[in-house]
Amino acid sequence: MKTKEIRIAIPKNFSWDECLWYLDRNYNDCLFHISNRSITKLVPVNGKQLLLQVTGTNGELIISCLNEKLSATDVHEVRDHITEWLDLDRDIKPFYKLLKANDQLAFMAKAYAGLRLPGIPDMHEALCWCIIGQQINLTFAHTLKRRLTEQYGASVSHEGQIHYAFPSPEILAGLTVDELKLLQFSTRKAEYVIGVSQLMAEGTLSKEKLLQLGTYEERVASLVKVRGIGAWTANYVLMKSLRMMQSITYGDAGMNKALQNLAGFGKNPSAQQVDEYFKPFKGWEAYLVFYLWRTLS
DNA sequence: CCCCAGGGCCATA
DNA sequence: TATGGCCATGGG
């Protein structure tokens, strides 16, 4: 069943080890498996759930599909998906130049050399993940995500292991608050997840519609109108799903903690303080947030 | 027992 | 507009 391997050349300033380390750090994520320096995950392509295995070697990423034969179109889509997921097309050298110009942050360019910002291409998944993660610790957030995914997500079994995809908007849109409370969602989280899923299932809210809005501010404003989406969630989603590099997750507990550790910030810095600190990193704010998170693990 | 976690809504003034 | 209570749960 194994199809021909797809190979993607590894760009400069990319480290597969850093990528693996970050994705595998401590939380037992339910949406991929890592073993032997390979990541295996389900990826929706052309209406199919492809079980892809990605391995980094010297100079290239090798991707194979474990459960389907790939058409030429599939191959093209897979290549695009992986490239976007791992942010392979970005030249991050300018970011490192900015890091090195900052005494407090210069160490990151070396310590985390080649670390890319992994995305969440599926905006529905990104939104739900944010809602789940609001105001609770990441360990419990991952527990909730796992329960939701194992209960309602599509799955593919391969060599004794079950691989899950995040549940579709249509499935979650049809749930009741009580069904999610059984998984230990709070009433609010349940309402938000169902509400967002309904908007996405009916097409009122979509990545495409968001992309049609020209500016960053318009996109934030559009997202924040939705119940359950505040400034933090909007920025997180623009960062991870639309890959907007100017995203700053204002109020983020992790980011604040890192700024406290590295830059002597107080517990709850204002948006203005954060903006001031980020000012030299124009166009790379999302990467700075991500590297700040990296210091916490 | 307390407080805080990769927040956001809602009531109140 | 600003502030405070509330939410579910686990860990320190």
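In what follows, chains are A, B, ... by sequence order, proteins preceding strands, each numbered from 1. Just so you know, these numbers use all the heavy atoms, side chains as well, and skip hydrogens, waters and symmetry mates. Computed from a predicted structure; not experimentally measured.
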Practice item. Let me know the distance between CG of A:Asp252 and P of B:dG8, rounded to the nearest Å. Key: 10 Å
Check your understanding: Based on Watson-Crick and G-U pairs with both distances under 3.5 Å, what dot-bracket line describes DNA chain C 5' to 3', crossing pairs as [ ] and inter-strand pairs as |?
Key -> |||||||.||||
**Study point:** Whole-Å distance separating the CZ atom of A:Arg147 from the C1' atom of C:dG10
**Key:** 11 Å
Check your understanding: Does the pair A:Asp17/A:Arg37 count as a salt bridge with the N-to-O cut at 4.0 Å?
Key -> yes
Review point. Base, sugar-phosphate alone, or nothing: which one does A:Ala141 contact when heavy atoms must sit under 4.0 Å apart?
Key: nothing
Check your understanding: For A:Asn137 and C:dT9, what is the distance between atoms CG and P respectively, to the nearest whole Å?
Key -> 12 Å
Check your understanding: For nucleotides 2-8 of chain C, read 5' to 3', which letter fits each nucleotide if B means a protein heavy atom sits under 4.0 Å from the base, S means only the sugar-phosphate is that close, and - means neither?
Key -> -----SB
Review point. How about A:Glu159 and A:Leu66: do any of their side-chain heavy atoms sit closer than 4.5 Å?
Key: no
Practice item. May I ask you to check whether A:Asp80 and A:Thr83 show a side-chain donor-acceptor distance below 3.5 Å? Key: no
Study note, to complete from the structure: To the nearest angstrom, the CG-C1' distance between A:Asn26 and C:dG10 comes to 15 Å
Exercise for review: Give one of base, sugar-phosphate or nothing for A:Thr233, where a contact means two heavy atoms less than 4.0 Å apart.
Suggested key: sugar-phosphate
Check your understanding: Quick one, which residues of residues 268-297 of chain A touch DNA chain C with a heavy atom under 4.0 Å?
Key -> none
Exercise for review: Quote, to the nearest angstrom, the P distance that separates C:dA8 from B:dC10.
Suggested key: 14 Å
Review point. B:dA5 and C:dA2: how far apart are their P atoms, nearest whole angstrom?
Key: 23 Å
Atom pairs and distances, side-chain donor-acceptor, residues 221-228 of chain A, under 3.5 Å, sequence neighbours left out:
| from | atom 1 | to | atom 2 | distance (Å) |
| --- | --- | --- | --- | --- |
| A:Arg227 | NH1 | A:Glu191 | OE1 | 3.3 |
| A:Arg227 | NH2 | A:Glu191 | OE1 | 3.0 |

Point to revise | Sugar-phosphate, base or nothing in reach of A:Ile229, heavy atoms under 4.0 Å | key: sugar-phosphate
Review point. Which pairs, with at least one residue in residues 135-147 of chain A and sequence neighbours excluded, count as a side-chain hydrogen bond (donor to acceptor under 3.5 Å, both in side chains)?
Key: A:Asn28-A:Arg146, A:Asp29-A:Lys145, A:Arg146-A:Glu150, A:Arg147-A:Gln184
Study note, to complete from the structure: Looking only at heavy atoms, the pair that brings A:Leu117 and A:Lys240 closest together is CD1-CD, 4.1 Å
Review point. Once the angle between the rings of A:Tyr112 and A:Phe107 is folded into 0 to 90°, is it parallel (under 30°), tilted (30 to 60°) or perpendicular (over 60°)?
Key: perpendicular
Check your understanding: Roughly, in whole Å, what's the span from CG in A:Leu138 to C1' in C:dG10?
Key -> 12 Å
**Study point:** Within residues 163-208 of chain A or reaching into it, pairs that qualify as ring-ring contact (aromatic ring centres under 6.0 Å, His included) - sequence neighbours excluded
**Key:** A:His33-A:His163, A:His124-A:Phe166
Point to revise | Length of the line joining A:Lys257:NZ and C:dG12:P, which is rounded to integer Å | key: 14 Å
Review point. Does the pair A:Glu68/A:Lys48 count as a salt bridge with the N-to-O cut at 4.0 Å?
Key: no
Review point. Hey, does A:Glu77 have a side-chain heavy atom less than 4.5 Å from the side chain of A:Leu50?
Key: no
Exercise for review: Following the transitive rule for hydrophobic clusters with a side-chain heavy-atom cut-off under 4.5 Å over Ile, Leu, Val, Met, Phe, Trp and Tyr, establish whether A:Val43 and A:Ile62 coincide in one cluster.
Suggested key: no
